[in-house]
Structures are given as C-alpha cells and as structure tokens.
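Reading through the structure tokens given below for one structure.
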Protein chains: 2
Amino acid sequence: MIRLDPGRTLFDQGDAADFVYNVTAGTVRLSMTLSDGRRQITGFMLPGDFIGLSSRAVHSYSAEAVSPSQLCRFNAPALRQMAERVPGLEHELFARVRDELDAAHDQMLLLGRKSPREKIATFLLDLAGRRQRWGERPDRVHLDMTRGDIGDYLGLTLETVSRTLNRMKRDGVIALPSAAEVVFLKTEVIEGLAQSQVPARPG
Amino acid sequence: MIRLDPGRTLFDQGDAADFVYNVTAGTVRLSMTLSDGRRQITGFMLPGDFIGLSSRAVHSYSAEAVSPSQLCRFNAPALRQMAERVPGLEHELFARVRDELDAAHDQMLLLGRKSPREKIATFLLDLAGRRQRWGERPDRVHLDMTRGDIGDYLGLTLETVSRTLNRMKRDGVIALPSAAEVVFLKTEVIEGLAQSQVPARPG
DNA sequence: CGATCACTTGAACACAGTCAACTAAGGTGG
DNA sequence: CCACCTTAGTTGACTGTGTTCAAGTGATCG
C-alpha cells in the first residue's frame, strides 16, 4: 500500500516500469512533458483504475497525485502469479487496456476537433460518470484538480478553462457553488455539447 | 483476403466488431466523426498493423482504405484457435494493443500541445520510420493520404497542412518533388521540431 | 495576520481557421 | 487525341477565437 500527498510523484517519464498500480483512493494524473515545459495530461486515474498496465520496460509518462491518494503496488511476478490463480484476471486486464485505448481515441477526437465548451462538457460528464460508479451523485461533480490541470488535459490554457466554466455558469447550464464544485443544471445541454461517443464503459 | 479500393469502407463506427484484420498492403485510415461532420483520424494503419484488436462488441471508429489495400480477416474463434497453437501469439497481440496505447498517448501530446510545424514534423518522421521497417528509404516518405486526411489526423485544416509543408519547403527543411513526395533535407531540424517521445517501436 | 496559491477577469495580440479564387493533375468520353 | 470535368492542392485576404500578458480577488495555511 502506497500513500501519496498531493503533488507527489509516483514515477517519472523514463523510469523503469517494474510495477503496476491500482488506485484505491484519491486521484492521480498521468502526464507527458515536452522539453520546454508544455505538458499534456493523458488521464486522471480514479479508484479502481490501473496504472502502468500499458507500459513496456520504461514509463512513457509521469504519474503524480492530484489529491491525497492510496495505491496498491504489484510487481510483474506477483501479477503473473495472481493471473494463474484468479481465472479471468488476464482477460480483465486485457479488457482494461482496450478500454483505455478506446478512451484515448475519444480524447483524440476531443483534442483535435472539439471547441472549448464541448471539451469542458465532455470532461465534466466523463468525470461525473466515473465517480457515479462509486456512489456519487450524477448531477454534480467535485474537481480535485486545478484549472491548469484541466487545461493540460483538454489542450487549453487555464484561463480558457476558467472563462468557459464561468460562461456556462452565466448561461445557466451549470452552477459553481465553489471553484471545485460543479452542479449540472441543464444536463441535456451539457450532453448535447459533449456528443459523447462513450456509452458508459462498464467496470 | 479482402481487397479495398481507395475510399472504400471496411467497417463503420457502430458496426458489430466480429472480425480482426491484419493489413497486408496499402493504407487504411481509422476515424471518428461528430454529428456535424467534424472528423478525427485516430490512425493510419500500414502493412503489418492489426485493426480491431481493441474493439469490444462494437467498433468505435470507422475504417476506410486510403490507397488500394489488402487485409487478412480473422474471426474471434479462429483467432482464439490460432492463439492456442502459436505460442506467444497472445502476448504479441497484447503487446500490439499496448503499443497502440502508447502511440495514442503520444498523439494526445501532439494534438493538445504541439504547433502545426511540430505536428507535421512528428507526422512525417513517424510515417517514414514505420515505412522504413519495410525497406523504404529513411530520408523520404510518400504520402498516400490527402492534405485533408493529414489535417484530420493532426487537428489542423487542410489549408494549414498545405501552408506548413510549403513553408518547410521554403525554409529548406524538406523538398516536395510532388505533392505526395516529401524528402527530408535537414533531418536534425525535423527531429528537433518533433521532439519525438517514441524511441522507435519494434515490430 | 501575512504569504502563497488558485482562480477570475480584462485587454491586446497572434495564429490558425474560414472563405474564396486559382492552378495542377488525372481520368473519362467524345 | 484532345476537351472537359473532377478532385486535390496552393495561395491570398480577412476574421475570430483562444492565447498571452497583466492585474486583481479570494481562500487556505502556517
């Protein structure tokens, strides 16, 4: 069991990929950085998600805690051993990687072709949907990451994220009781903006 | 064995994913489309690449031939049967999906954070690198897709693709003997622009 | 209570998108 | 064989949107 304070690094781009992790609490961001500091967050990992399943010998991305997080660590032999004992585990892990790939394709569509409003709408619905599986309310979502993180996930600047959220608030589509709390007022509108390909992945 | 003329569809977004394909000749584009026609190409599949490995029951993207193409088709039972006979095949297929995921992460970095010049440079080097494995010259690359296809792959308009290529030509970085033929004149410059994370995937 | 960090908001700018015209290449049919 | 048509590519002018730069507000924590 590993505990990580917000901002702490689990591993860095280029580190040996000796372990696979399962998030049990908190939020972990996976990111890639160019030499001049430009950053792309490739995913926010929530409880239940695996980290490092896709990596070969070396991690191609960094993993850092966004909020206080806990993770289970598995080394390769232990994982192989477990796969032998638990029937269907291998298939489950394979399915997880496939789901990640599907999600990556959706994100490519978002990054390449969606407007800031559409990006934010898609992001909010995705996050709310994933949290809903753990009993959270479907009509609101807590953002434990900063505007900068969201921007680096959606291919926007933090200013554009802020402006877009506040414009949606002004338009009566969402409410922002606090900077980290988003309430969906017109879910149909948000869903229309998102045009989500994803039909709610099971998990 | 399936033959596809340029522009023909192998399968569409939403079709049942009953088969897995291996490209043996030509180029196939995988794309996702929003209701208003905006399109994102998630990948160009070249000889040796598998299509449909990542799909669940239904394809989340369409597959169309870019150039005259040939593919081998496998249904799920045949694939399972083959996996039992050929040792290491299952691992190979799993590795392919992981590589695809890695490539998808790189593409997210490209789409979210790279400039048009950097996008084009990355694209050219990637394509040349993949073709090199089949004996093509490493200092040039043939583009069998249109400027529009390239734009939809890189999150740009076709005009920006054209302008960027011609500006790189004017700058003496590349030569364009024809619209479909790119010659690398200053490979160091192109590599610098690309800042490729990818250390040449084996295959 | 002061310092820090996140967020918001405004103003100006720049860059890629849009619209449009034109050129080039390839294919078809008279 | 040439004329025509279609499709792809190039190039220019203009526009608009998201970025950049900057200032100011608000919340949290030692």
Using whole Å, report how far [atom1] of [X] lies from [atom2] of [N].
X: B/Asp152; N: D/dA8; atom1: CG; atom2: P; answer: 13 Å
X: B/Arg170; N: D/dT10; atom1: CZ; atom2: C1'; answer: 14 Å
X: B/Arg147; N: D/dT11; atom1: CZ; atom2: P; answer: 11 Å
X: A/Arg167; N: C/dT9; atom1: CZ; atom2: C1'; answer: 15 Å
X: B/Leu158; N: C/dA20; atom1: CG; atom2: C1'; answer: 13 Å
X: B/Ile150; N: D/dT10; atom1: CD1; atom2: C1'; answer: 14 Å
X: A/Asp149; N: C/dC7; atom1: CG; atom2: C1'; answer: 13 Å
X: A/Arg117; N: D/dT17; atom1: CZ; atom2: P; answer: 12 Å

- Query: Aromatic rings A/Phe74 and A/Phe50: how do their planes relate, parallel, tilted or perpendicular, breaks at 30° and 60°?
  - Reply: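 Plane angle between 30° and 60°, so tilted.
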
If only side-chain N and O atoms of [X] are considered, is one of them under 4.0 Å from the OP1 or OP2 phosphate oxygen of [N]?
X: B/Asn166; N: D/dG9; value: no
X: A/Thr160; N: D/dT19; value: yes
X: A/Ser162; N: C/dC7; value: no

- Of A/Thr146 and A/Arg113, whose nearest nucleotide on DNA chain C comes first from the 5' end?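 Nearer the 5' end of the strand: A/Thr146.
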
- Message: What's B/Leu156 touching, base or sugar-phosphate or nothing? Going by heavy atoms closer than 4.0 Å.
- Response: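 Sugar-phosphate: the residue B/Leu156, judged by heavy atoms under 4.0 Å, touches backbone atoms but no base.
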
- Query: So what does B/Gly155 touch, heavy atoms closer than 4.0 Å: a base, only the sugar-phosphate, or nothing?
  - Reply: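 Sugar-phosphate only.
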
- To the side chain of A/Glu159, which of C/dA6, C/dG17, D/dT20 is closest?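 Nearest to the side chain of A/Glu159 among the choices is D/dT20.
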
- Query: From C/dA16, D/dG9, C/dA6, pick the nucleotide closest to the side chain of B/Pro116?
  - Reply: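 Comparing C/dA16, D/dG9, C/dA6 against the side chain of B/Pro116, the answer is C/dA16.
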
- Item | Non-hydrogen atoms of A/Ala17 and A/Ser55 that approach each other most closely |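 Closest approach of A/Ala17 to A/Ser55, heavy atoms only: CB-CB, 3.8 Å.
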
- Query: Salt-bridged, B/Glu118 to A/Arg38, with N to O below 4.0 Å?
  - Reply: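 Salt bridge flag = yes for A/Arg38 with B/Glu118.
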
- Item | B/Arg131 with B/Asp126: basic N within carboxylate O range, under 4.0 Å |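 No salt bridge links B/Arg131 with B/Asp126.
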
- Determine whether any donor atom in the side chain of B/Arg163 lies under 3.5 Å from an acceptor atom in the base of C/dT18, or the reverse, and answer yes or no.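 Such a pair is found, so the answer is yes.
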
- Query: In a check of side-chain contact (heavy atoms from CB on, under 4.5 Å) between B/Ile120 and each of B/Leu125, B/Ile174, B/Leu165, which one passes?
  - Reply: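 Looking at B/Leu125, B/Ile174, B/Leu165, the match for B/Ile120 under the side-chain contact (heavy atoms from CB on, under 4.5 Å) is B/Leu165.
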
